[in-house]
There are 2 protein chains.
Amino acid sequence: MSQKRIALFGSTGSIGTQALDVIAANPDLFSAEVLTAQTNDTLLIKQALQFNPNIVVIGDEKKYPIVKEALAHTHTKVFAGEKALEEVASLDCYDMMLAAIVGYAGLKPTLCAIEIGKPIALANKETLVVAGDIIMRTAAEKRIPIIPVDSEHSAIFQCLVGEGRNRIEKIILTASGGPFLGKKPNFLVNVKKDHALQHPNWTMGAKITIDSATLMNKGLEMIEAKWLFNLTYDQVQVVVHPQSIIHSMVQFTDGSIKAQMGLPDMKLPIQYALAFPNRIHNDFPRYDFKKPGTLTFEEPDTKTFRNLALAMEAMKQGGNMPCILNAANEIAVYAFLRNRIGFLDMTEVVEQTMARIPFLPEPTLEEYFETDGEARNFAASLIHM
Amino acid sequence: MSQKRIALFGSTGSIGTQALDVIAANPDLFSAEVLTAQTNDTLLIKQALQFNPNIVVIGDEKKYPIVKEALAHTHTKVFAGEKALEEVASLDCYDMMLAAIVGYAGLKPTLCAIEIGKPIALANKETLVVAGDIIMRTAAEKRIPIIPVDSEHSAIFQCLVGEGRNRIEKIILTASGGPFLGKKPNFLVNVKKDHALQHPNWTMGAKITIDSATLMNKGLEMIEAKWLFNLTYDQVQVVVHPQSIIHSMVQFTDGSIKAQMGLPDMKLPIQYALAFPNRIHNDFPRYDFKKPGTLTFEEPDTKTFRNLALAMEAMKQGGNMPCILNAANEIAVYAFLRNRIGFLDMTEVVEQTMARIPFLPEPTLEEYFETDGEARNFAASLIHM
């Protein structure tokens, strides 16, 4: 295959840096055409000097002079600001976008890429949680694939390859259960940020690690899966599997279940999404079934981890409810990370925001943006109280 | 899809009767065009009266008058004898052969079907064990698929769908371990037929149930897999998984592992092979991951279950060695089933036959037949002693 030019939106985060490892390991297959970062100018500059992208964008406009200066002697073009992210996403200079910006901020550039018909490797689940209907409809119109990078959704995507029109009975999203599996509210009420940031299996960014500890991450993944694979809410099931070896499963109409498995390592789904439909040889460590091993499964405790129940409820309601859930959760998680609220307070913020913001059954993109803003403001007001 | 006319070779055995259940449940998709049995005239007649096949064949020529008489008032044509099996297999009156004759006897009719370009649903593993090179080469020349019915190989086949030319690193065949998992030779030496016929997970015919108890079945499956999926001997690994929920796995060149799972029920792989590439809805019981459950894995004990080691050795040597292994094993198993030899003696018969019959690195089909005969004679002579 010829070299694929990757526009890496969110290159300095956990997914972005691992994606650059994959690109560096396969220079004949991939080039980094675009790199973007929100605030981390130091790492963005370092990456640009290593990968010689055509374009870099720094989201934080105050950092523009630093980046511009550092790359003045190279051929790399430098832009800054939120608008520039969208403009660059709309340029026909790359073959695939890796959408790895964290949170809601990833939505607009991703939509720009879809609109000019670029395939998407999607690491930003909030894009689908907030506006999955619009994203998937636009992608279908443009006939471009949305290839998930989340390990669970990559697993399902891999299981669906070649199945054509065979009907999905349900998908089974596996959840590690996070660092507080088996704990009860009387324990969780005292949990602090440093403890919640210790995930047993996966190395990830701070936002998603907290979401994993509260199980909100699994709730967002349910909504993401519903959109990616065109399912109804009752076709998405969560099963706790603490070893994180089975990354998720698909049960077909004949009862046959397909699973994708491996050691927990985000590089594998990143590489798969970039190279799809091909698989690239690598030397990542393999899971060894010859070693005596045990895989266990149990139902999630949605009474303790109420975020998961709230996400299921938002998925069932549809409309702008997942957008409200996501906006309130982003505010709550960043407040928790700044030690402003407690672990269980995050759920309270989300629940109260869902109860307050007006429900819209079929929002337009503009209404999603409005909902997002209102939900953030309301959630923030709860925290300032 | 239009109705697929199935030639069911071996309709009265375990696979055959379950296949007829699948056909009966899907009359718009399948018809039983040909039914054959070796000796069970009573069941063959009953099946013919229910399914109105175009042709039935009874292998045992002495039973011909009974079958002919019983079906005289129908339009079903009746043939008898081994030659008739091959002649009917060569008729262009069906769309797919389900090759479910037990043992070596299935080879010739299957080859006839391949030679006239009929897709094969293959439930007869001995066909590939004995002459895998010739079978797969001929199938490739005729551009017809060999779709495995064995649950393990069906699992691998399902995992490979849509993977195109992506390289297989290895396949992982799961083994229940059979009824004597964890037992040692001092226990096995006294095992009798009735005990060996109690398989913990699967309901199968007598020959394969004994082969499961000795692990020879897994050895034959390794050789079958090597041919079906064009692997080298070191790409085939066996892992003991006593729950039989994961039916087998494929590890790709990127380290990603795909598995196919479900409750142990042969109807699923039978239905899959008949309907491929489509999946048919059914009401077979589903595996429920919500129930607390544990899947375990361990290395097979090839020191105790030496049949598995012998099969690995035969696979590694290639040529006519798997044919020798298979022939000696068939004689040994039937002798064990008639209480002529003990459980561990089966391994002795196979080992001594492998040591005695001349090795041919690249046998012709005729040489395979000769090897088979010589090996059977020698194995039988060991038992008569």
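Everything numeric here is computed off the predicted structure, so don't read it as measured data. Sequence lines set the chain letters: A, B, ... in the order given, protein chains first and strands last, and positions in each chain run from 1.
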Against chain B, residues from residues 144-154 of chain A with at least one heavy atom under 4.5 Å, in numeric order, are none

Assert top hit (heavy-atom pairs under 4.5 Å, partner chain A, pool R167(B), M249(B), H241(B)) equals M249(B)

Value for CD (E163(B)) from CG (N278(A)), rounded to nearest 0.5 Å, stands at 10.0 Å

Of the listed D265(A), L268(A), I172(A), D283(A), the one with the largest count of heavy-atom pairs under 4.5 Å with chain B is L268(A)

In terms of heavy-atom pairs under 4.5 Å with chain A, the winner among T296(B), T253(B), L160(B) is T253(B)

Is it the case that more than 12 heavy atoms not belonging to K183(B) sit under 6.0 Å from its NZ atom? no

Under 4.5 Å to a heavy atom of chain B? For K267(A) that would be neither

One should read off an interatomic distance between I246(B) CD1 and L295(A) CG, to the nearest 0.5 angstrom, of 6.0 Å

Distance col, row S256(A):OG vs L263(B):CG, nearest 0.5 angstrom, shows 11.0 Å

Interface check, chain A: of E298(B), R165(B), Q260(B), most non-hydrogen pairs under 4.5 Å belong to Q260(B)

Here the gap from R279(B) atom CZ to D254(A) atom CG, rounded to the nearest 0.5 Å, amounts to 4.5 Å

Output for pair (H281(A) NE2, N166(B) CG), nearest 0.5 Å, gives 13.5 Å

Does a sphere of radius 6.0 Å around CG in N230(B) hold more than 12 heavy atoms from other residues, nucleotides or ligands, not counting ones at 6.0 Å or beyond?
no

Bottom line for Q271(A): the part with an atom under 4.5 Å from chain B's heavy atoms is side chain

One should read off an interatomic distance between K258(B) NZ and M261(A) CE, to the nearest 0.5 angstrom, of 13.5 Å

Answer key: most heavy-atom pairs under 4.5 Å with chain B among Q237(A), K290(A), H247(A), Q251(A) is K290(A)

Check: So do the side chains of R286(B) and E169(A) get within less than 4.5 Å of each other, counting heavy atoms only?
Finding: yes

Bottom line for I245(A): the part with an atom under 4.5 Å from chain B's heavy atoms is neither

The ring pair (Phe, Tyr, Trp, His ring centres under 6.0 Å) partners of F157(B) (sequence neighbours excluded) come to F276(B)

If one checks every heavy atom of P292(A) against chain B at 4.5 Å, the contacting part turns out to be both

* Heavy atoms, side chains only, cut-off 4.5 Å: are F289(A) and E299(B) in contact? -> no

Assert top hit (heavy-atom pairs under 4.5 Å, partner chain A, pool G262(B), G293(B), A155(B)) equals G293(B)

When the 4.5 angstrom heavy-atom criterion is applied to Y272(A) and chain B, the contacting part is side chain

